Amino acid sequence: MRNETNNSSDKQPSSPQGKTNDNDRQHDEASDDAPSEPTLVDPVEQDPPTKDSSHGPGCFKIGCVSMVVLLVLLGGFLYWVAASLDPSLGPGNAGAQNVAKAAVKHLSSNAHIQSARTTYAGADSSTGSVAEVEAHIKTDTTVDNLADILPSTCRTAQKQSIWGPIRVGITFTGNLQGTDISTYFSCRGSDGSDTTLSTTVRRDLAPAGAATTITREGETSTLQVDYGQVTTTPTTFTQPGTPDSSRTFTLNGWNVTSTSNQDGQFPNTPLEPVVTAASQASTTGTIDLDNGTLSVTGLVTDNNKSLTPETAAPVVHAVADCHTAGLTTLQLNGKEQKGLSSDNDYWLTFTCQDGTWTPADESSTGQDEAAILQKATEL
C-alpha cells in the first residue's frame, strides 16, 4: 500500500513553481524576439560649439577689416604727401574752381556787368589756391557801382571756400566814365572787410574821367594811371592815391612819371618848368620822380658828345630851390639813349644841402657837376 501511495505521489503533476519557471522562460524568449521600446531620456541643454580664436572664418573677417583700414590710412597718407608736393592734386584745386564759378555767377547777374569769365582757377606750390575772374563793365557803370560790386562778389565767392583759404581776385575791364580800365582787385584788401574793399575801389579808380587808362595786372603789380598827351599837368596828378602807384603824362614829347610813397602821397614838385627846360635840349625824353629823386634822361642826343653845362644848366635852374621842390637828389643822364642796358651807366648826380644843390661825386665827374652848377647860377 505504501508503494502505491508513493507511486501515486510520484505521478502527481508538477508544482506551480515549475510551471512558473517554464512560463518565465517563454516570456523571456518572447521578450528577446520582440522589438525593444526606446528609452526616453530627459533632454539636456548644450552650449553651441565655440570658434577657435586662432583659426577659422572669424579671424579671417577681422584680418580683412584690419587690412582695409590699413590700406585706407596708407592711401590717405600718400594722397596728403602728393597734394603737399603738388597742390593741383589736392582739394584746393577743386575749391578754387568752385569759388571762381560762384564769382562769375554773381557778377553775371549784376545789371552793371556785361560779361564775366574765369581767367584762372587752380592751385600750385608757389601761389597756393587762386581763383581769378574778369568782369567787363557796361558803359554806364560808375565808380560807386564797382565799389558795391567788389565786396558783394568777394563775400559770395569766399562762401565756397570750404577747403581752406583761397586767394580771390577780380579784374574790372571796360570804359569807366571815359577812362579805359583793366584793374585787378584782391578780395583780401588790407583786412578783407566790405568797407575796406569799397574804399580801395574808390581810391584806386578816383582818376577815372580824367585819366586815359588805369591798369593793374595782378595783386603784386603796381597800379598805373596814364593821363596820355596833355597840355598842362593834370589837376589830379598830385592828389593822394594808392600806395606805391605811378602816374604818367606826356607833355611836349617828354614822358613824366611820378611814384607815390607807402602812404599814397605824391610829391608836389613843379614838373612843367623841368619839361620846358629839358625841351630846349631834346624833343623827347623821360622825367621820373620817385622818393625825392628827380631823374632826367634824354638830354644828350649825340653819342659823340657828352652832357654839356649849357644843356644841363636849365634843368638844374628849374628846381634850384631843392628844398621847396621837395627833392633830395637830382640825376641827369650823360649818355645818348639807344634802348641799351648801358644807357644808364653814366649819371651826373647832385644832392640837396641846405636848400641848394651840391656835387655828389669827386674827381672828374665831380668837376663836371660843379661846372653845371656854376652855369645854372648864371641863368
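Heavy atoms only: backbone and side chains are in, while hydrogens, waters and symmetry mates are out. Computed from a prediction, not measured in an experiment: that's the story for all the values here. Start at 1 with the first residue, then count along the sequence.
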Heavy-atom closest contact ([X] atom, [Y] atom, distance):
{"X": "Thr259", "Y": "Ser246", "answer": "OG1-CB, 4.2 Å"}
{"X": "Arg203", "Y": "Gly241", "answer": "CD-O, 3.7 Å"}
{"X": "Val104", "Y": "Val133", "answer": "CG2-CG1, 3.7 Å"}
{"X": "Val168", "Y": "Ala157", "answer": "CG1-CB, 4.4 Å"}
{"X": "Cys352", "Y": "His323", "answer": "SG-N, 3.8 Å"}
{"X": "Gln262", "Y": "Pro243", "answer": "O-CB, 3.3 Å"}

Check whether any side-chain heavy atom of [X] sits under 4.5 Å from a side-chain heavy atom of [Y], and report yes or no.
{"X": "Leu197", "Y": "Phe185", "result": "no"}
{"X": "Glu369", "Y": "Thr349", "result": "yes"}
{"X": "Leu330", "Y": "Leu327", "result": "no"}
{"X": "Arg117", "Y": "Glu134", "result": "yes"}
{"X": "Pro309", "Y": "Gln374", "result": "no"}
{"X": "Pro273", "Y": "Val319", "result": "no"}
{"X": "Pro359", "Y": "Leu373", "result": "yes"}
{"X": "Val143", "Y": "Leu176", "result": "yes"}

Side-chain donor or acceptor of [X] paired with backbone N/O of [Y] under 3.5 Å:
{"X": "Thr183", "Y": "Ile214", "result": "yes"}
{"X": "Ser260", "Y": "Asp244", "result": "yes"}
{"X": "Thr153", "Y": "Leu107", "result": "no"}
{"X": "Thr119", "Y": "Glu132", "result": "yes"}
{"X": "Asp263", "Y": "Gln265", "result": "no"}
{"X": "Ser108", "Y": "Lys105", "result": "no"}
{"X": "Thr269", "Y": "Ala325", "result": "yes"}
{"X": "Thr356", "Y": "Gln353", "result": "yes"}
{"X": "Ser198", "Y": "Thr195", "result": "no"}
{"X": "Thr179", "Y": "Ala211", "result": "yes"}

* Asked: Can you tell which of Asp288, Ile287, Leu271, Asp226 makes a side chain to side chain contact (heavy atoms under 4.5 Å, CB included) with Thr257?
  -> Asp288
* Step by step, would you call Ile149 with Ile137 a side-chain contact (heavy atoms from CB on, under 4.5 Å)? -> CA-CA 11 Å; Ile149 293 173; Ile137 65 174; over 6 Å; no
* Will you find, in the side chains of Glu272 and Thr232, an N or O donor that is under 3.5 Å from an N or O acceptor? -> yes
* **Distance-only donor-acceptor check, side chains Thr173 and Ser182, under 3.5 Å** => no
How far does [atom1] of [X] sit from [atom2] of [Y], to the nearest 0.5 angstrom?
{"X": "Gln367", "Y": "Asp361", "atom1": "CD", "atom2": "CG", "value": "11.5 Å"}
{"X": "Trp347", "Y": "Gln331", "atom1": "CH2", "atom2": "CD", "value": "5.5 Å"}
{"X": "Thr213", "Y": "Tyr227", "atom1": "OG1", "atom2": "OH", "value": "10.5 Å"}
{"X": "Thr141", "Y": "Ile113", "atom1": "OG1", "atom2": "CD1", "value": "6.0 Å"}
{"X": "Gln177", "Y": "Asn145", "atom1": "CD", "atom2": "CG", "value": "9.0 Å"}
{"X": "Thr238", "Y": "Phe266", "atom1": "OG1", "atom2": "CZ", "value": "9.0 Å"}

* To do: Carefully, step by step, assess Thr293 and Asp290 under the rule side chain to side chain donor-acceptor pair (under 3.5 Å).
  => CA-CA 5 Å; Thr293 298; Asp290 184 9; over 6 Å; no
Quick one: do [X] and [Y] end up in the same hydrophobic cluster if we chain Ile, Leu, Val, Met, Phe, Trp and Tyr together by side-chain heavy atoms under 4.5 Å apart?
{"X": "Val99", "Y": "Tyr184", "result": "no"}
{"X": "Phe172", "Y": "Leu223", "result": "yes"}
{"X": "Trp254", "Y": "Leu332", "result": "yes"}
{"X": "Leu379", "Y": "Val274", "result": "no"}
{"X": "Leu289", "Y": "Val230", "result": "yes"}

* Structure fact -> Those residues at least two apart in sequence (or on a different chain) that pass salt bridge (charged side-chain N to carboxylate O under 4.0 Å, His left out) with Arg216 are Asp204
Counting neighbours of [atom1] on [X] that are heavy atoms of other residues, nucleotides or ligands and sit closer than 6.0 Å, is the number greater than 12?
{"X": "Glu378", "atom1": "CD", "answer": "yes"}
{"X": "Asn291", "atom1": "CG", "answer": "no"}
{"X": "Asp140", "atom1": "CG", "answer": "yes"}

* Mind checking whether Trp357 and Phe350 have parallel, tilted or perpendicular rings, split at 30° and 60°? -> perpendicular
* **Verdict with reasoning, Leu150 to Cys154, per side-chain contact (heavy atoms from CB on, under 4.5 Å)** => CA-CA 6 Å; Leu150 179 64; Cys154 291; 3.8 Å; yes
* side chain to side chain donor-acceptor pair (under 3.5 Å) between Ser186 and Glu219, worked out -> CA-CA 6 Å; Ser186 172; Glu219 185 175 18; 3.3 Å; yes
* Asked: Does anything in residues 298-312 pair up under salt bridge (Lys or Arg N to Asp or Glu O under 4.0 Å), and if so which pairs, sequence neighbours excluded?
  -> none
